[in-house]
Peer 1: 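Before we start, here is the structure in question, set down as structure tokens.
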Amino acid sequence: MKEDSLEIGGVKINCRLFVGTGKFPSHQMMQEVLLAAEAGVTTVALRRVDSGAKADNILDYIPSGCKVMINTSGARTADEAVRIARLARAAGAGNWIKIEVIADNRYLLPDNLETLKATETLVKEGFVVFPYMSPDLSVARRLAECGAAAVMPLGAPIGSNRGLKTKELVAIMIREIKAPIIVDAGLGKPSDACVCMEMGCAAVLVNTAIAVSRNPVDYARAFSQAVQAGRLAYLSGLAESVDEARASSPLTGFLHNED
Amino acid sequence: MKEDSLEIGGVKINCRLFVGTGKFPSHQMMQEVLLAAEAGVTTVALRRVDSGAKADNILDYIPSGCKVMINTSGARTADEAVRIARLARAAGAGNWIKIEVIADNRYLLPDNLETLKATETLVKEGFVVFPYMSPDLSVARRLAECGAAAVMPLGAPIGSNRGLKTKELVAIMIREIKAPIIVDAGLGKPSDACVCMEMGCAAVLVNTAIAVSRNPVDYARAFSQAVQAGRLAYLSGLAESVDEARASSPLTGFLHNED
Amino acid sequence: MKEDSLEIGGVKINCRLFVGTGKFPSHQMMQEVLLAAEAGVTTVALRRVDSGAKADNILDYIPSGCKVMINTSGARTADEAVRIARLARAAGAGNWIKIEVIADNRYLLPDNLETLKATETLVKEGFVVFPYMSPDLSVARRLAECGAAAVMPLGAPIGSNRGLKTKELVAIMIREIKAPIIVDAGLGKPSDACVCMEMGCAAVLVNTAIAVSRNPVDYARAFSQAVQAGRLAYLSGLAESVDEARASSPLTGFLHNED
Amino acid sequence: MKEDSLEIGGVKINCRLFVGTGKFPSHQMMQEVLLAAEAGVTTVALRRVDSGAKADNILDYIPSGCKVMINTSGARTADEAVRIARLARAAGAGNWIKIEVIADNRYLLPDNLETLKATETLVKEGFVVFPYMSPDLSVARRLAECGAAAVMPLGAPIGSNRGLKTKELVAIMIREIKAPIIVDAGLGKPSDACVCMEMGCAAVLVNTAIAVSRNPVDYARAFSQAVQAGRLAYLSGLAESVDEARASSPLTGFLHNED
Amino acid sequence: MKVRINGSDEIISEKLITLQQLIKDRGLSPKQVVVEVNLQIIPWEQWPQITLQDKDSIEIISFVGGG
Amino acid sequence: MKVRINGSDEIISEKLITLQQLIKDRGLSPKQVVVEVNLQIIPWEQWPQITLQDKDSIEIISFVGGG
Amino acid sequence: MKVRINGSDEIISEKLITLQQLIKDRGLSPKQVVVEVNLQIIPWEQWPQITLQDKDSIEIISFVGGG
Amino acid sequence: MKVRINGSDEIISEKLITLQQLIKDRGLSPKQVVVEVNLQIIPWEQWPQITLQDKDSIEIISFVGGG
């Protein structure tokens with residue numbers, strides 16, 4: 001599958017499983033997970049720090065070859081997201097940005113309009129922009145047209161592990177939008193990720209399901225295998241289903257003397 | 001995952017993907033698929049032969065290390081299934097038998113009662129018996145009690161590629177029956193197989209979806225990865241889902257001066 | 001819809017919603033529910049009684065025009081079910097019998113083989129027999145052939161309110177079996193009942209969802225309306241679905257000067 | 001259920017089934033359908049007319065007591081939608097407007113941003129505005145805040161009859177938005193409408209499924225019953241589902257001497 | 001005299017007791033129950049003629065709500 | 001005189017023609033249509049007073065079934 | 001001599017023919033098939049000793065792909 | 001001198017204090033944080049030259065796990 005690697009913003013990404021770094025018990029565990037998953041991309045957030053208690057920098061634990069994307073979590077408006085992106089770049093974290101603008105406290109659903117505004121601004125400033133959004137073809141098309149590197153619809157609310165509950169809308173986006181579609185948020189089981197890849201998603205982003213697992217390293221490895229399986233099935237062409245049965249074994253003329 | 005290998009009838013099976021040999025364009029292609037899938041078990045059928053046109057024996061194409069199971073397809077009664085099993089053993093094909101007794105021509109659904117009868121007889125005769133059945137806890141329990149090596153409920157009609165349409169009943173069987181549960185028939189996509197394994201199935205048996213694929217070898221490999229992924233996820237413990245969202249990133253006290 | 005009434009065992013049943021009498025807070029409430037639902041059939045069970053504490057007889061609360069069917073709950077074998085049926089008839093409760101033979105304590109799933117045996121015996125004795133069963137075409141066919149008045153597959157475990165989780169198998173039974181198919185057990189919402197009727201079920205039997213409702217009378221009425229809606233839709237022919245959109249309004253040549 | 005009537009824009013609507021007038025073979029048939037459904041609201045569109053071939057006015061066939069809502073189908077931008085709304089009002093069709101702004105030709109999905117713009121403008125001009133939109137909480141919230149009379153997310157693409165494929169997002173909108181939520185487009189079966197109402201939708205709008213039915217009048221009646229059933233179930237409180245079974249009949253101490 | 005009623009043994013002091021009496025003693029009415037003696041169903045008309053014997057096994061059953 | 005009607009150009013021979021006349025010529029009744037001239041909606045009461053000018057853009061619209 | 005082979009009747013001219021010969025005539029190899037005569041499975045070692053009788057019912061079976 | 005740090009007001013006794021010093025006092029290392037003063041991001045090379053003014057608004061940010 002060498003030739004199938006994903007290229008975004010001039011970077012070649014070998015694994016289509018993206019893994020977030022939130023909620024891990026330790027930087028060490030997070031590192032093991034990223035290695036086990038062979039994650040192609042990871043996400044990191046920013047936060048105010050008042051004193052130097054925790055002296056070590058999470059970025060030092062990201063395996064080389066795992067591309068870092070800064071997410072703007074905490075932003076409630078396009079302006080705040082833009083400000084976080086600039087801070088991240090100034091801090092030397094590069095120019096890959098996951099735009100996450102959330103105004104809803106219960107379901108943490110993204111604000112599509114503010115997300116679109118932030119995308120327009122940051123693309124102009126030379127960022128490689130990955131907007132996290134609520135699946136909607138009209139907004140997805142605008143995001144792609146204004147230069148988003150990929151469009152990232154949610155599968156279900158962040159951290160809910162409910163799986164791909166937005167399949168219908170995501171499938172339409174895949175068919176209609178040229179930009180890569182990456183399902184982000186809500187995937188709880190490897191089979192959920194497999195389904196996304198079978199449909200033709202370019203990648204999936206998983207965090208909570210792995211981070212809160214009893215065995216994060218194995219669970220991450222399982223997701224990684226499932227993503228490969230789904231991608232390979234997509235490239236091979238999915239088997240289409242039929243209503244009735246089709247024999248896979250010879251059923252005729254055997255042992256029945258009347259035959 | 002060495003320690004996780006499946007042991008049935010004293011045989012250690014390293015891969016939980018079983019692949020049937022029906023409908024392949026050639027024995028060579030079938031062989032490539034079994035190798036690519038690293039199939040732990042394969043199925044072969046019997047049929048009357050009138051002249052020696054096709055001189056080569058399909059059994060010669062089964063990779064060593066892939067256990068052969070003879071299926072009784074074509075049987076409409078327990079007696080016919082028993083007779084086929086004896087013929088197969090006499091022909092040197094070993095004593096692993098998939099009991100397939102079908103009386104329904106449109107959906108090819110198994111006849112649970114005849115299947116139970118055949119299982120009782122063949123177990124007594126020393127066969128290692130794998131009954132293909134319509135998911136029903138009461139029959140599954142009897143099959144297990146009379147010594148079936150595993151119980152094989154259908155996911156959907158044979159060759160339909162519809163996926164695991166019997167999830168509710170299969171999940172109950174997994175919980176209540178000690179014998180290994182192997183979903184057979186109807187799985188069309190790797191994600192279908194992944195779901196079965198995540199639920200705790202011991203293995204899955206796939207044929208049509210792979211044999212009729214545009215790229216049988218890759219599609220088989222995808223199934224194999226998905227089965228591993230699902231099994232590993234099952235062993236790791238599945239993430240449980242919740243209704244609302246749970247933040248995977250810090251959302252508080254950032255850039256909001258009111259905080 | 002007069003002409004659509006269901007006829008079973010020579011009895012004309014005007015409402016295709018059957019309602020069980022278990023778990024109601026009082027006979028009065030049960031009676032109100034049966035009246036509100038206009039239930040065509042109801043079920044009653046038998047139990048040992050040691051003293052005359054509760055002097056009134058539940059049968060006295062069944063509205064006239066609501067046919068009584070005795071269920072054999074408590075039976076673990078065909079013999080016990082047969083014995084209960086005879087007791088019921090001797091007690092003047094008529095000859096309509098719902099065969100419920102359960103050996104599984106957690107999911108209360110029926111024992112298809114014992115159920116088939118009891119059906120054969122009771123049909124010979126002149127009972128009108130309604131076997132509750134786990135959906136399996138081969139057993140359903142035998143039940144119909146030996147004279148069951150209807151076949152009653154479960155939708156989900158008794159009292160689980162999980163809905164029609166056995167849709168695939170029930171749909172096949174409807175297509176292949178001439179006897180009326182009545183989904184019994186597991187329906188929790190009126191929409192579940194509506195789906196069953198749209199598929200072509202002859203009726204549905206509901207108890208727990210109504211009896212444990214905050215408002216049993218209204219909830220029963222809702223089920224009754226949903227059953228009528230589903231039946232009428234089935235008779236009208238269901239709309240078939242398509243993948244893409246089809247305009248329901250004029251989209252062309254309006255306000256666009258280029259047109 | 002008198003007290004449950006829906007009030008929108010000061011108008012009391014007695015039936016929560018809204019029926020569109022597109023695709024009917026004749027005005028007479030459409031009228032029969034509206035009467036059979038007792039539709040509370042209906043939709044009508046505008047189109048250029050070049051000659052007086054068809055002399056009769058569709059509005060003359062709308063039953064009194066069925067509120068007319070003009071839809072802006074054909075509009076590709078907010079400006080066009082606004083222009084159509086003004087034309088409609090000038091033509092004496094009243095001030096109830098369904099905003100339908102579509103830029104996607106294959107799936108006919110709405111353009112949420114243009115829809116929001118048109119809503120803001122028309123509300124200011126005193127229209128009672130019903131925006132048809134792609135389910136997205138952030139846009140729904142803005143629509144409600146700027147004064148939309150209701151928010152109308154799609155269930156599936158227009159005319160696809162695929163059912164409520166956006167359940168997850170619509171359920172969140174119902175929980176978070178104060179304005180009435182009305183599912184519009186894609187509902188193909190009465191059970192689909194029943195599910196929407198059980199969830200707490202204020203109403204549903206159906207057109208294609210009824211208009212293309214073999215028996216539009218009966219199919220409309222079925223939808224009407226299903227909507228009532230779902231609404232009543234919602235008001236009664238839905239039964240919650242459980243994993244295991246709960247006996248609805250006495251299972252203990254009967255005929256088993258060991259008891 | 002020892003009889004089995006609804007699955008549990010009971011000692012009955014009376015030498016002679018009819019089924020009629022037994023049911024009456026328990027405050028049960030014919031309308032409401034059906035009685036089986038040694039697997040034989042006894043129509044209530046016959047209750048007065050039936051006298052219990054030692055080791056008889058009796059089931060007294062009535063109707064209850066069920067699904 | 002060249003006017004644009006429902007998006008397509010038409011040549012009108014008459015020097016003087018009212019909106020009233022135009023609609024009548026097309027066999028349309030006021031009950032049934034609404035007319036817009038150069039993006040201005042013209043109530044039917046005013047049709048007799050409105051005479052078409054060269055390059056006028058006219059929309060004649062009526063109601064149809066729609067979802 | 002009339003025998004039934006794989007469910008269809010066949011006339012065999014030879015008076016004496018062994019199972020060995022029958023299989024050979026059909027271009028089949030022992031490796032590849034299993035033979036049942038009158039519901040009895042005949043191991044290939046015995047084929048040379050078995051001569052067909054009138055009305056014998058013979059099944060010649062081999063392996064094929066199956067699910 | 002009153003400054004706003006990470007959204008909360010703080011009184012700083014020193015008359016003259018550089019950004020360099022402020023960060024150092026808090027036990028933070030340049031590797032680890034990025035600093036914004038009055039919405040301007042200050043590269044760590046410039047920290048020694050920047051002296052805090054009354055009413056300055058300072059954000060000190062670092063990286064954490066996020067999804």
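Note: hydrogens, waters and symmetry copies are ignored here, and every other heavy atom, side chains too, is used. Here is the naming used below: chain letters follow the sequence lines, and residue numbers restart at 1 for every chain.
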Peer 1: Taking 4.0 angstrom as the limit, do C:Arg142 and B:Asp111 come out as a salt bridge?
Peer 2: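 The answer is yes: the pair qualifies as a salt bridge.
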Peer 1: Grab the two heavy atoms, one from C:Asn112 and one from B:Ser138, that are nearest each other, plus how far apart they are.
Peer 2: N-OG, 3.2 Å
Peer 1: Please say whether more than 12 non-hydrogen atoms of neighbouring residues, nucleotides or ligands are located less than 6.0 Å from OH in B:Tyr234.
Peer 2: no
Peer 1: Picking from B:Thr166, B:Leu116, B:Leu169, B:Asp136, which has the most non-hydrogen pairs under 4.5 angstrom with chain C?
Peer 2: B:Asp136
Peer 1: If you count heavy-atom pairs under 4.5 Å between each of C:Arg175, C:Glu176, C:Met133 and chain B, which one has the most?
Peer 2: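 Top option by heavy-atom pairs under 4.5 Å: C:Arg175.
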Peer 1: Under 4.5 Å from any heavy atom of chain B, what part of C:Pro135 do you find: side chain, backbone, both or neither?
Peer 2: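 Both parts, heavy atoms under 4.5 Å.
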Peer 1: Salt bridge or not for B:Lys117 and B:Glu114, using N-O below 4.0 Å?
Peer 2: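 A salt bridge links B:Lys117 with B:Glu114.
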Peer 1: Looking at chain C, which one of B:Leu109, B:Leu137, B:Ile172 has the largest number of heavy-atom pairs inside 4.5 Å, strictly under?
Peer 2: B:Ile172
